[in-house]
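Working notes, beginning with the structure itself.
All of these numbers come straight from a predicted model, not from anything done at the bench. Below, read A as the first sequence line, B as the second, and so on, with proteins coming before strands; counting in each chain starts at 1.
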There are 2 protein chains.
Amino acid sequence: MINIIGREIPDGILKDRKPFEGQFAFSDEIVKTTPKIKPVKPGENKLLRSIEEAILKTGLKDGMTISFHHHFREGDYILNNVLGVIAKLGIKDLTLATSSLGSVHKPLIEHIKNGVISKITTSGLRGALAEAISSGILKEPVIVRSHGGRARAVECGDIKIDVAFLGAPASDEYGNASGTRGKANCGSLGYAMVDAKYADKVVILTDCLVEFPNMPASIDQTYVDYVVKIDSIGDPAGIASGATRYTKNPKELLIAENASKAITASPYFKDGYSFQTGSGGSALAVTRFLREEMLKRDIKASFALGGITKPMIEMLEEGLIKHIYDVQDFDLVSVNSIGNNPMQHEIDASFYANPHNKGCIANKLDVVVLSALEIDTKFNVNVMTGSDGVLRGASGGHSDTAACAKLTVIVTPLIRGRIPCIVEDVNTVITPGESIDVVVTEVGIAVNPRRTDLLESFKAVNLPVKSIEELKDKAYSIVGIPDKIEYEGEVVGIIEYRDGSIIDVVKKVK
Amino acid sequence: MINIIGREIPDGILKDRKPFEGQFAFSDEIVKTTPKIKPVKPGENKLLRSIEEAILKTGLKDGMTISFHHHFREGDYILNNVLGVIAKLGIKDLTLATSSLGSVHKPLIEHIKNGVISKITTSGLRGALAEAISSGILKEPVIVRSHGGRARAVECGDIKIDVAFLGAPASDEYGNASGTRGKANCGSLGYAMVDAKYADKVVILTDCLVEFPNMPASIDQTYVDYVVKIDSIGDPAGIASGATRYTKNPKELLIAENASKAITASPYFKDGYSFQTGSGGSALAVTRFLREEMLKRDIKASFALGGITKPMIEMLEEGLIKHIYDVQDFDLVSVNSIGNNPMQHEIDASFYANPHNKGCIANKLDVVVLSALEIDTKFNVNVMTGSDGVLRGASGGHSDTAACAKLTVIVTPLIRGRIPCIVEDVNTVITPGESIDVVVTEVGIAVNPRRTDLLESFKAVNLPVKSIEELKDKAYSIVGIPDKIEYEGEVVGIIEYRDGSIIDVVKKVK
């Protein structure tokens with residue numbers, strides 16, 4: 001069938017799933033899932049000697065679902081390490097429900113080929129693993145979920161985690177685990193916190209066993225079955241970038257300046273507003289431009305949200321931001337701040353962006369700045385597949401914050417290399433056009449026709465407003481009309497919208 | 001039938017309940033309950049104009065279960081206020097699942113008589129309401145639960161809360177609620193936090209609506225359906241005592257000194273130990289004596305737990321206690337400290353003492369000091385009914401911490417007025433004798449025969465050790481053997497042990 005935004009979803013995919021019907025079409029009551037708890041009595045010991053012992057104690061069996069978090073990003077040692085032991089133990093046919101995957105997880109290819117992992121759900125996929133999955137090595141399509149959508153799925157049982165293996169920079173022997181106070185710190189453990197609450201069995205893996213009680217804890221003892229001390233949870237250099245440099249790329253700066261002008265010309269830029277930017281070159285630069293305008297107009301933000309970066313921490317410290325809600329930290333400055341600044345609040349992915357709780361913090365966003373691999377003339381955004389149709393990106397909080405924020409701004413160059421970023425139809429829809437308000441490029445700003453109000457605001461301050469078709473034509477005029485990608489029939493990826501409906505699929509490339 | 005500690009439990013009571021079989025007899029796997037969530041979308045408003053509007057919006061109907069917390073103690077306006085509106089709306093046959101009840105809740109008598117409330121579960125009962133329930137005005141027996149037992153019951157669905165009405169000293173319009181930053185502050189909202197997580201509908205009532213976001217919040221927006229601003233949530237004087245005076249009662253001081261000697265002579269009194277005392281005269285004095293001995297021996301506590309009082313805060317501030325786990329605050333000093341001292345951790349009742357999570361903090365207690373109305377020669381403790389058999393007390397965290405701590409010390413005078421406190425058989429068992437290690441009175445210390453190890457420790461330092469029978473004989477020799485209470489057949493109260501089994505019942509007094 002063809003869903004409401006015109007994407008063809010094969011009937012087989014929709015067996016027990018609904019097609020996407022609009023960003024807030026869902027309005028049912030939700031019943032949360034029910035973890036099974038084995039009570040822990042006084043005197044019982046949770047500290048085990050090895051990953052193998054933990055796997056055996058949890059009762060992990062063929063066909064179960066295991067989870068991991070991606071706070072260690074490209075520095076992660078946990079997932080490969082645990083899967084190596086699982087493979088050695090001969091356990092097969094597992095579903096891997098990780099919050100995201102990176103290039104570092106290339107060894108997964110072998111585990112898929114050997115039948116250890118048969119299903120995967122993730123937010124992101126990169127590198128050789130992504131290419132292998134695109135080429136069809138998984139028996140069932142990978143399910144791509146947003147951060148809020150994954151929290152929703154875990155909470156309602158769409159993802160039923162049997163065993164969560166959660167790396168923690170520090171933990172005590174009773175499972176009070178934190179993202180700081182260790183050797184390889186990642187700051188917020190926001191994605192892991194959801195798994196700890198809903199998994200039947202929770203194993204904390206740490207390379208830094210500290211004195212009881214390790215407080216404050218991101219994950220507390222009442223959610224943890226076992227603790228394992230290992231040699232190393234990850235490579236600090238891959239976990240958090242040491243320093244965040246401002247971009248010197250003139251194109252990125254121009255995009256950022258245009259985005260900042262659009263935001264500050266909007267009715268949302270006023271005292272007490274809230275925003276989420278991001279970690280890309282343009283996004284970091286937007287934060288800097290916003291800061292200048294906030295100082296000029298004596299505006300303070302009530303909160304900033306997201307993936308947190310150094311510029312946000314600096315604004316918190318100078319009083320320009322009152323609160324930071326922190327689901328993950330992208331650099332060492334934000335990692336080091338979270339344990340020390342009481343106004344930098346660690347939040348889990350459900351509080352961040354789950355559409356099916358009683359009001360996630362994304363609901364309260366005024367402005368979000370997001371990037372794109374492609375955006376089309378219907379304002380649909382692709383952050384998941386390359387121009388060749390191959391998986392190489394991450395859904396992240398893109399569709400979550402885009403749906404919730406009052407002003408959703410996409411920052412993108414018009415072209416990347418010889419590839420147009422504004423196109424007739426994106427390869428893969430992660431975020432539907434109805435969620436997008438403004439697209440900012442170096443050559444002009446396009447406003448979603450739904451937002452005639454913004455169009456008025458922008459014209460009043462002489463912003464270079466163009467139609468999205470004009471931007472696309474301009475891109476095509478430079479690099480030509482892109483060739484159509486030739487797909488085979490096989491679906492290798494299912495793009496689940498944050499409410500659990502199916503917004504798109506990714507097919508195998510010929 | 002007669003349960004394992006010799007209490008007769010009428011068969012009708014055991015229809016769908018198990019008799020008590022020992023403090024850690026329970027070892028099943030637990031399945032948590034599943035709240036039903038109505039998702040809240042961006043732009044939706046939670047702030048309502050009145051309690052009546054909130055009741056109507058929640059869909060409260062005859063036969064449902066409503067909950068309240070008791071952090072406002074004798075200063076609480078919320079419960080009477082809400083029940084008044086419910087009565088006016090003509091809603092009947094409700095189950096009242098409050099964390100505790102006090103003398104202030106006398107108006108409940110009318111609501112019971114009028115059929116608004118037909119069942120009650122609580123930790124405590126006092127005053128005219130307690131007497132009325134003892135006299136049989138409820139259609140079904142009141143269920144008395146410990147704080148940990150209530151958290152267990154809420155989490156597993158034994159108590160299925162349809163609507164929680166939770167008073168908060170401060171809240172924003174989106175339901176981020178706190179026990180401080182208001183006009184009538186109570187500090188920790190530990191009991192309310194459990195209800196917020198498991199109730200289908202959650203209403204926050206506050207007299208202090210603050211700017212969004214009210215952070216840090218004890219109860220966060222993702223758990224809250226509605227917020228109502230009312231004139232006053234309670235009387236600050238009844239919520240927290242302004243100052244905590246040390247007892248000058250020589251008997252209480254002697255008991256405290258004996259208790260302190262017992263604790264410091266035990267193998268548990270060493271660097272890194274943990275303890276919970278309480279709020280009574282002797283308990284506060286014990287804390288003071290322990291402090292002196294800790295200074296003398298250069299001992300620091302890893303944590304203190306409980307109901308928090310000024311002496312604990314002072315020890316936290318002078319570095320004698322590293323962490324405080326705070327489920328409720330008894331005085332203004334601890335209320336004012338919780339928002340300011342990052343080492344004073346607000347915890348919910350499940351983290352505190354739920355026996356059926358993966359390890360409550362009570363599991364980690366070395367020493368707990370508890371009081372008693374009566375204790376018998378089997379070391380069973382009664383903190384619930386008076387010597388006349390009438391309900392007038394609270395189960396509280398008594399059986400929870402007594403079961404968990406390595407050293408459980410009961411402090412009690414030998415007699416109160418003309419009533420013996422050490423008796424042959426207590427009227428009502430809240431805590432089974434197997435949980436009690438030491439009984440301390442002004443005339444001597446009795447050690448549970450199970451603990452020959454402690455007996456050796458105490459004799460070594462010349463503590464006035466006596467048998468529990470000797471203490472009972474001494475009490476009886478002063479005031480005589482108490483008359484047997486004459487009961488009728490009707491059961492007016494069921495005493496549920498923390499694991500959900502039935503440890504005793506309270507019958508109607510003739």
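Using a 4.5 Å cut-off between heavy atoms, A:Glu211 touches chain B through its side chain atoms alone. In this structure, the portions of A:Ile361 lying under 4.5 Å from any heavy atom of chain B include both its backbone and its side chain. Proximity to chain B (any heavy atom under 4.5 Å) is restricted, for A:Tyr325, to the side chain, taken from C-beta onward. Of the atoms belonging to A:Lys406, not a single heavy atom falls under 4.5 Å from chain B. Both the backbone and the side chain of A:Ser27 come within contact range of chain B, with heavy atoms under 4.5 Å apart. A:Cys404 touches chain B through backbone and side chain together, each having a heavy atom under 4.5 Å away. In this structure, chain B has heavy atoms under 4.5 Å from both the backbone and the side chain of A:His356. Contacts of A:Val31 with chain B are made by both backbone and side-chain atoms, with heavy-atom separations under 4.5 Å. For chain B, the nearby parts of A:Pro35 are the backbone and the side chain; heavy atoms of each come within less than 4.5 Å.
In this structure, A:Asn357 and B:Thr222 approach most closely via the heavy-atom pair ND2-CG2, 3.4 Å. A:Lys358 and B:Asp225 make their closest contact through NZ-OD2, 2.7 Å (heavy atoms, listed as atom of the first residue, atom of the second, distance). Across all their heavy atoms, A:Pro39 and B:Asp28 have their closest contact at CD-O, 3.2 Å. In plain terms, the two heavy atoms of B:Lys41 and A:Asn363 that are nearest each other are C-ND2, 3.6 Å.
Top candidate by heavy-atom pairs under 4.5 Å with chain B, chosen from A:Tyr223, A:Phe26, A:Phe303, A:Tyr174, is A:Tyr174. Between chain B and the options A:Lys38, A:Glu155, A:Glu44, A:His323, the largest number of non-hydrogen pairs under 4.5 Å is found for A:His323.
The distance from atom CD1 of B:Ile37 to atom CD of A:Glu29, rounded to the nearest 0.5 Å, is 8.5 Å. From B:His345, atom NE2 reaches atom CG of A:Asn176 across 9.5 Å, with rounding to the nearest 0.5 Å. Distance check, rounded to the nearest 0.5 Å: NZ of A:Lys364 to CD of B:Glu173 gives 3.5 Å. Rounding to the nearest 0.5 angstrom, the gap separating the CE atom in B:Met215 from the NZ atom in A:Lys322 is 14.5 Å.
With B:Gln221 contributing its side chain and A:Gly359 its backbone, the two residues share a donor-acceptor pair below 3.5 Å.
Atom NZ of B:Lys300 is surrounded by more than 12 heavy atoms from other residues, nucleotides or ligands within 6.0 Å. Heavy-atom neighbours of B:Lys18 NZ from other residues, nucleotides or ligands within 6.0 Å: at or below the threshold of 12.
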